[in-house]
Amino acid sequence: MFSDPVDIPIEKIHHPIALEKGISVYVKRDDLIHPEISGNKWRKLKYNLLKAQSLNKELIITMGGAFSNHIAATAALGKARGIRTKGIIRGEEKKELNQTLKRAQENGMELEFISRQLYDERNEEWFKQEVLERHRKAYFIPEGGANFLGMQGCTEILHEVNIDYEFVCICAGTGTTASGLAWSLPEGKKLLVFPALKGGDFLKDEMKEQLYWALLDEDAVEHNMKKVSFHSDYHFGGYAKINQELINFMRDFHDITTIKLDPIYTAKMFFGIFDLIQNGHFKKGQNILLIHSGGLQGISGIESKIGQKIYS
């Protein structure tokens with residue numbers, strides 16, 4: 001299950017905007033790692049699973065929203081590896097579960113719904129301790145796999161890249177993948193981060209804290225953060241919010257490239273990149289590497305929410 005991925009393609013995108021501006025755009029197809037445990041979800045769960053197994057844990061507990069890619073991936077991992085999983089879900093339980101949570105249940109995950117007010121306390125130490133006191137043989141993974149082991153897994157993304165580039169681009173929810181990329185980014189390269197949440201600049205502080213786990217040196221953290229720029233204006237209203245402009249972009253991009261994007265994360269980043277290219281943010285001849293972080297399971301849930309198919 002967690003042998004290193006092989007033959008993950010890096011595809012050059014022949015998009016008219018990039019061609020017009022003389023920019024080379026490449027996509028690292030981490031969405032192809034696994035049908036259900038794809039992209040950065042695979043990366044962030046890898047070392048957490050190994051840790052849980054080394055401690056002989058019988059249950060993995062994690063957290064997320066109703067459309068969480070991380071919840072879906074953890075459930076699929078549990079089924080594949082024969083370990084029980086439990087998801088603590090933000091918000092009250094609906095009469096009918098969306099496709100993400102239905103699939104998590106089908107993969108054997110127990111769901112516990114808590115109020116949004118209580119969920120806001122999830123990063124407090126007492127919250128984790130209370131959960132573990134109720135589940136004595138459980139291993140706890142924070143929301144989105146946002147811990148040191150999750151970040152460690154994400155440092156391996158660029159180890160698999162064999163092309164030249166000036167810029168790496170990643171979408172962000174917790175900043176864990178971005179932190180792993182910043183930690184492993186070669187000198188002279190730049191990391192562009194696209195938060196999927198409104199007001200996503202707070203992720204700068206999250207990244208600094210996560211990098212400190214690894215480096216234990218504030219100067220080293222600041223050095224790594226100088227490689228990073230945030231582009232926080234492409235959230236389309238906030239987490240899991242989209243509009244027709246984004247849907248049209250996803251369809252057009254698929255028609256041009258055959259690559260599907262998810263509406264919660266990757267589509268917003270790809271939209272942002274091509275908007276920046278169109279507006280002269282990059283110089284002619286530069287190479288941009290986009291990390292496709294998976295999350296395609298979220299498409300069906302959003303389609304149900306908006307009442308239309310994104311891809312025919």
Side-chain angles (χ1 to χ4, degrees), residues 36-37 40-41 44-45 48-49 51-52 55 57-79 81 83-151 172-177 195-200 202-203 205-206 209-210 235 237-241 262-265 295 297-298 300-302 304-305:
E36 292 190 273
I37 317 166
N40 62 344
K41 276 59 69 179
K44 291 190 281 188
L45 287 170
N48 275 294
L49 173 66
K51 183 68 171 181
L55 296 173
K57 298 298 185 179
E58 299 176 356
L59 171 69
I60 290 176
I61 300 177
T62 195
M63 310 183 66
F67 295 96
S68 169
N69 294 319
H70 174 70
I71 288 290
T74 303
L77 172 67
K79 181 177 180 180
R81 299 300 291 179
I83 184 169
R84 293 188 299 119
T85 58
K86 178 173 181 174
I88 299 175
I89 309 301
R90 179 181 64 244
E92 303 300 329
E93 183 174 4
K94 305 293 185 183
K95 289 184 178 180
E96 184 175 354
L97 298 178
N98 65 35
Q99 292 300 313
T100 296
L101 297 182
K102 281 182 182 178
R103 184 58 181 160
Q105 274 194 338
E106 290 169 1
N107 280 329
M109 176 174 274
E110 176 190 351
L111 302 179
E112 177 184 339
F113 295 83
I114 64 174
S115 70
R116 292 176 180 272
Q117 182 179 4
L118 181 56
Y119 194 91
D120 287 343
E121 302 293 320
R122 65 193 179 279
N123 293 324
E124 300 297 331
E125 186 60 26
W126 68 262
F127 187 102
K128 176 182 175 180
Q129 292 303 317
E130 191 276 333
V131 170
L132 291 177
E133 285 174 7
R134 290 191 286 122
H135 305 86
R136 290 292 183 177
K137 294 189 176 181
Y139 179 82
F140 183 83
I141 302 176
E143 178 186 43
N147 61 8
F148 175 80
L149 294 175
M151 181 175 62
T174 65
T176 307
T177 306
L197 306 88
K198 190 174 183 179
F202 78 91
L203 290 177
D205 291 334
E206 296 292 322
E209 181 177 345
Q210 291 171 8
H235 52 75
Y239 180 76
K241 294 185 178 180
D262 88 281
I264 299 175
Y265 287 102
Q297 68 80 30
S300 60
I302 292 294
S304 296
K305 183 179 179 180

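Note that these values count all heavy atoms, side chains included, but never hydrogens, waters or copies made by symmetry.
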Q) What are the two closest heavy atoms between Ala138 and Leu132, and how far apart are they? A) O-CD2, 3.7 Å

Q) Is it true that Lys102 and Glu96 have a side-chain N and a carboxylate O under 4.0 angstrom from each other? A) yes

**Q.** CG-CZ distance between Leu45 and Arg81, expressed to the nearest 0.5 angstrom
**A.** 12.5 Å

Q: Would you check if there is a donor-acceptor pair between the side chains of Gln297 and Thr100 at a distance under 3.5 Å?
A: yes

(Q) So does Ala72 get a backbone contact from the side chain of Asn107, meaning a donor-acceptor N/O pair under 3.5 Å? (A) no

Q | For Ala66 against Asn98, the heavy-atom pair lying closest together | A | O-ND2, 2.8 Å

Q: Any chance you could measure Ile83, atom CD1, to Leu59, atom CG, to the nearest 0.5 Å?
A: 7.0 Å

Q: Taking the side chain as every heavy atom from C-beta outward, state whether Thr176 and Gln210 have any atom pair closer than 4.5 Å.
A: yes

Q. More than 12 heavy atoms of other residues, nucleotides or ligands under 6.0 Å from CD of Gln117: is that the case?
A. no

Q: Calculate, to the nearest 0.5 Å, the distance between atoms CD and CG belonging to Glu209 and Leu203 respectively.
A: 12.0 Å

(Q) Does this structure show an ion pair linking Glu36 with Lys41, if we count only N-O contacts that are shorter than 4.0 Å? (A) no

Q: Any chance you could measure Ile89, atom CD1, to Lys94, atom NZ, to the nearest 0.5 Å?
A: 13.0 Å

Q.
Can you tell me how far apart CZ (Phe140) and NZ (Lys128) are? Round to the nearest 0.5 Å.
A. 7.0 Å

Q: Taking all heavy atoms of Gly87 and all of Ile71, pick out the closest pair and write down the distance.
A: CA-CD1, 4.0 Å

**Q.** side-chain hydrogen bond (donor to acceptor under 3.5 Å, both in side chains) involving Lys86 - partner list, sequence neighbours excluded
**A.** Glu112, His135

Q: Tell me whether the guanidinium CZ or amine NZ of Arg90 lies under 6.0 angstrom from the six-membered ring centre of Tyr119 and within 45° of its axis.
A: yes

(Q) Counting C-beta onward and ignoring hydrogens, is there a side-chain heavy-atom pair between Tyr139 and Ile61 closer than 4.5 Å? (A) no

Q: Starting at CD1 of Ile141, measure out to CG of Leu149 and round the result to the nearest 0.5 Å.
A: 9.0 Å

(Q) I need the minimum non-hydrogen distance between Gln99 and Ser300, along with the two atoms involved. (A) CB-OG, 3.3 Å

Q) So do the side chains of Thr62 and Ile88 get within less than 4.5 Å of each other, counting heavy atoms only? A) no

Q. Are any non-hydrogen side-chain atoms of Leu101 and Phe113 less than 4.5 angstrom apart?
A. yes

Q: Measure the shortest side-chain to side-chain distance between Ile60 and Arg84 over non-hydrogen atoms and say whether it is less than 4.5 angstrom.
A: no

**Q.** Partners meeting ring-ring contact (aromatic ring centres under 6.0 Å, His included) with Tyr265 (sequence neighbours left out)
**A.** Tyr239

Q | Test side-chain hydrogen bond (donor to acceptor under 3.5 Å, both in side chains) applied to Gln129 - qualifying residues, sequence neighbours left out | A | Glu125

Q: Start with the C-alpha distance between Asn123 and Glu143, add both sets of side-chain angles, then the distance that settles side chain to side chain donor-acceptor pair (under 3.5 Å), and finish with yes or no.
A: CA-CA 9 Å; Asn123 293 324; Glu143 178 186 43; 5.8 Å; no

Q.
Do Leu197 and His235 have side chains that approach each other closer than 4.5 Å (heavy atoms only, starting at C-beta)?
A. no

**Q.** Student check: side-chain heavy atoms of Thr85 and Leu77 closer than 4.5 Å
**A.** no

Q) Among Met151, His70, Lys44, which residue meets the side-chain contact (heavy atoms from CB on, under 4.5 Å) test with Thr174? A) Lys44

Q.
Closer than 4.0 angstrom, basic N to acidic O: yes or no for Arg134 and Glu130?
A. yes

Q: Start with the C-alpha distance between Lys51 and Phe148, add both sets of side-chain angles, then the distance that settles side-chain contact (heavy atoms from CB on, under 4.5 Å), and finish with yes or no.
A: CA-CA 12 Å; Lys51 183 68 171 181; Phe148 175 80; over 6 Å; no

